[in-house]
Amino acid sequence: MGSPVEIHSDIYNTDRDPGMYFDGGNDTVDRDNRIWRANLRKRKKIKECYPWRHFWLPSRRRSSIDMDSEDDMPNRDRIAGKNYNAALDTDGRYHNTVKHSTFVTQRGLLEAKNPSIAPHYCDQCGRLQVDLRRVIANWLSHPVGWKISEKETGLTLADVLEGAGLGCHLFQELVSEYMSTMNVFKKWSEKKCIAQMEKDDYKLVSTISMKEKPSLEFRREARGAMYDGHRMGLYQIYTPTGVKPSHGVFLDRLPPNLLPNSQLAFCRIQSWIDDCRVNHFRCQSFGRTFMPKRLLEISGGGEVPTVRLSTHELTDESPPHYATLSYCWGTDQPSKTLKDNIQAYEIEIPFDALPKTIQDAIIVTRGIGLSYLWVDALCIIQDDKDDKQEQIALMHSIFRGSWVTIAAAEAVRSTDGFLQPRNLGQPTKLKARFDDNVFSEIALYHETIPSDPSNSALCRRGWTYQETQLSTRILFYDSPQLKYICIEGMHSDGGNDPRESLVRRSIDPGNQKHERLDHPYSWGAIVDAYTQRDLSYEDDKLLAIAALAEEYSQAKNVGRYLAGMWEVDFLRQCLWTVWSHYMTKYRRPSKYRAPSWSWASWDGEITDVDFSKNPELERRTYQFSCDLVDVQTSLVASEYQFGMVSDGFMVIRGKMRQVICGKNKMSHMPERIVGHMFGDTTGNWLNKDGIDQRLFFDIDFAKEWTEDEDILVWSIEICQSDYNRGYALLVKEKELDHRRNIFERIGRLTIIRRDYLPDWFETSFEWREITIV
């Protein structure tokens with residue numbers, strides 16, 4: 001049978017997936033199935049002799065897998081050898097202090113108001129005791145890979161059903177999960193499932209597993225087939241809130257904080273900000289000396305704070321710190337500053353009249369020790385056009401100078417709020433055994449998947465993109481947890497921590513990722529991320545990114561700002577395309593917003609000519625074959641160069657050729673546009689359908705193409721790249737005041753250079769100077 005080392009290295013090889021043997025029905029697969037069944041029998045035999053997964057742990061023959069006496073445990077020095085200090089716990093410094101007592105008292109009051117989040121414990125689930133000794137021993141001996149410990153609970157499914165009937169919340173969840181599983185696998189009805197549980201003698205088995213985090217799974221006892229034991233519940237194991245960790249395994253395991261409106265949450269935020277303020281050099285490099293014209297001043301120590309609009313100019317060299325709010329309006333604001341009510345608001349703003357999201361932001365601001373908050377609806381006079389233009393021009397300084405930005409991620413409307421108790425299921429307290437003489441409590445929480453910030457309501461709105469990019473510290477109130485993100489670090493207030501790389505794809509404080517890229521790649525990445533978001537008002541296309549454009553102009557030498565594009569490398573930026581995936585929503589705005597050569601003239605996701613999801617890839621080089629003679633835009637507000645435009649044009653001189661293009665009637669994609677050179681019907685580069693194989697058309701309005709027949713348009717070559725591609729703009733002549741050579745952009749043409757074919761623009765062209773509007 002082989003040595004234990006040989007057996008375990010074969011049976012417990014993590015690179016082998018048993019499911020791989022069921023991928024077919026031929027003789028080879030049948031042979032593999034027989035091998036798999038033989039290995040399964042061998043595994044069961046090994047399990048009786050070697051109960052621990054790793055062969056270097058002591059092995060003793062046992063009569064049952066459930067025998068867990070002290071003699072079965074590894075040597076005592078293997079457990080005691082791991083030195084840990086429970087005082088290192090994140091909340092350890094608050095235990096047995098006046099502050100800790102305050103936390104416990106306040107949390108008890110909040111849980112009394114919200115019984116669904118108070119930890120459950122009753123006599124029924126009190127019969128369960130979780131034994132963590134074997135998993136902890138394995139973890140201490142070799143803290144790499146999966147550690148698994150399986151044990152019978154001493155209860156049957158009938159006991160679980162009886163406990164559920166007596167009101168045990170945990171057992172009710174197990175019964176509900178079991179019914180769902182049996183309905184899927186065996187199509188059992190609820191009545192049949194209950195009847196089967198009442199008469200079955202199947203035992204309830206608990207399996208504790210740990211890799212990076214300990215978890216507890218309840219399932220039905222397996223009989224016969226290896227996967228016969230159906231899952232009844234999967235939970236994450238934590239130390240209960242307010243209890244010192246009983247073992248080093250739980251030092252970095254904060255339980256999910258179901259009460260974001262608690263002193264414990266606010267104290268954690270203050271500790272994160274203090275750590276950032278003292279230890280983060282890059283976060284300190286941003287000066288926070290700007291003071292907005294208006295702020296909400298928060299005072300009062302009662303349950304309902306006093307709020308007023310502070311409009312006095314502060315000229316102090318060290319102005320007080322203030323927070324900013326990034327949120328979704330949804331519909332029109334029920335409370336906003338107008339010319340008629342600004343004087344009343346300077347005296348006091350009724351707290352109860354404010355939308356719930358703004359109320360919660362005021363509570364957070366006061367909870368973390370600040371007295372000032374900036375909210376756009378209240379700090380900008382909404383019916384004063386001049387004041388709005390002035391404050392929008394200062395948006396860059398307002399968010400860059402903020403002490404911290406409060407981001408209401410899941411609030412779709414301003415009336416939703418974000419401090420309500422989190423709906424992650426009611427936790428359960430159980431007794432647990434950590435060592436021979438160490439007993440304590442653990443808390444079971446439903447396993448949750450870390451959320452992706454890009455799916456939140458806030459990250460789908462256009463205005464909020466620049467608000468989070470310009471801020472240097474962000475409190476991101478997501479549905480499962482609070483995330484604190486700054487330039488150098490990230491924290492969460494418990495639960496499964498998301499990958500930092502995933503979070504920073506959508507939330508990039510200080511715009512650091514794009515600062516590291518060269519122009520125009522960095523601006524192309526910004527435009528791509530921004531245009532994936534939605535705007536309630538189509539006129540805001542340039543305004544909603546104006547603050548970020550101002551920051552960009554200060555960080556890079558890019559010349560004039562021209563309707564969403566920059567004077568430096570302007571021609572290359574003209575080669576944008578509308579992302580033409582069938583799921584993409586894009587449309588032409590109902591009224592003029594920007595020249596046709598600007599990406600701002602369209603609603604939809606825009607991609608750069610050399611765009612990549614990995615901005616660190618090697619960039620291409622381009623040889624430009626045309627001349628930019630002139631480019632101009634007219635601003636709606638001349639004093640703000642990053643604002644809206646009323647007109648614009650570019651004058652370009654280069655090689656032009658006519659092409660015939662139209663819908664590809666043979667394609668299953670009706671928006672696919674194809675074509676060929678005008679007058680060319682016999683070239684060897686044409687396929688049997690008369691389509692030029694060298695040409696790829698990216699039409700801006702492909703889904704709106706109304707022409708049933710082919711049409712004649714012009715192309716003007718812009719550049720050639722170092723990877724056998726050339727790029728041209730597709731333009732269509734306009735009749736404008738009987739002037740000639742006035743065109744508008746309708747798309748981009750990509751020309752593939754092939755060794756056996758002549759260069760497309762070298763065979764025949766006209767050298768012309770045209771104006772694109």
Side-chain angles (χ1 to χ4, degrees), residues 269 272-290 323-324 326 395-407 409 450 452-454 456 458-459 461-476 478 482-492 497-533 544-558 561 566 568-569 608 610-619 642:
I269 294 171
W272 297 335
I273 295 178
D274 289 343
D275 177 65
C276 174
R277 179 177 54 84
V278 174
N279 300 319
H280 294 176
F281 175 76
R282 283 191 292 163
C283 297
Q284 298 172 25
S285 63
F286 290 88
R288 295 179 175 86
T289 58
F290 179 80
T324 48
S326 179
M395 201 75 71
H396 153 257
S397 300
I398 291 172
F399 279 91
R400 184 65 91 196
S402 169
W403 188 246
V404 66
T405 292
I406 302 167
D452 184 354
S454 64
S456 65
L458 189 76
C459 290
R461 305 303 300 170
W463 273 99
T464 60
Y465 178 69
Q466 64 178 5
E467 295 171 357
T468 54
Q469 293 292 106
L470 292 172
S471 305
T472 56
R473 300 188 186 110
I474 300 171
L475 295 174
F476 196 81
D478 209 348
L482 163 67
K483 302 178 184 68
Y484 170 83
I485 312 111
C486 67
I487 295 174
E488 293 191 32
M490 190 183 83
H491 301 278
S492 65
D497 292 330
R499 297 197 312 272
E500 187 169 354
S501 59
L502 178 66
V503 174
R504 291 191 181 273
R505 287 179 189 173
S506 305
I507 309 296
D508 183 23
N511 203 27
Q512 295 298 294
K513 179 174 63 178
H514 302 311
E515 289 285 348
R516 294 191 296 267
L517 299 176
D518 295 331
H519 177 77
Y521 305 109
S522 54
W523 185 250
I526 289 173
V527 169
D528 176 83
Y530 169 66
T531 53
Q532 294 180 44
R533 303 187 177 210
I545 201 175
L548 199 55
E550 183 176 357
E551 166 74 9
Y552 193 87
S553 68
Q554 296 177 7
K556 300 180 185 293
N557 183 21
V558 289
Y561 187 63
W566 300 96
V568 175
D569 282 321
D608 185 60
D610 197 22
F611 176 76
S612 171
K613 295 296 182 183
N614 182 4
E616 306 300 332
L617 289 176
E618 181 182 356
R619 296 302 178 183
F642 304 102

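Only heavy atoms go into these numbers, but all of them, side chains included; no hydrogens, no water, no symmetry mates.
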Strictly distance-based, threshold 3.5 Å: is any side-chain N or O of Ser456 a donor or acceptor partner for the main-chain N or O of Pro453?
yes
In chain order, what residues pass the side chain to side chain contact (heavy atoms under 4.5 Å, CB included) check against Gln512, with sequence neighbours excluded?
Arg282, Phe286, Ile487, Asp508, Arg516
In the structure I gave you, are the side-chain heavy atoms of Pro509 and Ser471 within less than 4.5 Å of one another anywhere?
no
In terms of heavy-atom contacts, Gln469 and Ile507 come closest through OE1-C, 4.5 Å
Residues which pass side chain to side chain contact (heavy atoms under 4.5 Å, CB included) with Thr324, listed by chain and number, not counting sequence neighbours:
Tyr322, Trp374, Ile398, Phe399, Ser402, Thr405
Do Phe476 and Ser506 have side chains that get closer than 4.5 Å, going by heavy atoms?
no
Taking all heavy atoms of Leu548 and all of Gln466, pick out the closest pair and write down the distance.
N-OE1, 3.3 Å
List for me each residue that meets side chain to side chain contact (heavy atoms under 4.5 Å, CB included) alongside Ala549, sequence neighbours excluded, and say none if there are none.
Trp523, Tyr561, Trp566, Phe642
Nearest 0.5 Å please: distance from the CZ atom of Arg277 over to the CZ atom of Arg473.
8.0 Å
How would you list, by chain and number, every residue that makes a salt bridge (charged side-chain N to carboxylate O under 4.0 Å, His left out) with Arg505, sequence neighbours excluded?
none
Looking at every non-hydrogen atom in both residues, tell me the closest pair between His396 and Leu470 and how far apart they are.
CA-CD1, 3.8 Å
Run Thr464 and Arg533 through side chain to side chain contact (heavy atoms under 4.5 Å, CB included) and show every step you take.
CA-CA 9 Å; Thr464 60; Arg533 303 187 177 210; 3.1 Å; yes
Can you name the residues that form a side chain to side chain contact (heavy atoms under 4.5 Å, CB included) with Pro520, not counting sequence neighbours?
Asp569, Arg572, Gln573
Under a 3.5 Å distance rule, please check whether His519 uses its side chain to pair with a backbone N or O of Val568 as donor and acceptor.
yes
Exercise: identify the closest heavy-atom pair between Cys276 and Gln284
O-NE2, 4.2 Å
Where the side chain of Glu467 meets the backbone of Ser326, is there a donor-acceptor pair that is under 3.5 Å apart?
no
Pairs touching residues 544-558 that satisfy salt bridge (Lys or Arg N to Asp or Glu O under 4.0 Å), sequence neighbours left out
Arg400-Glu551
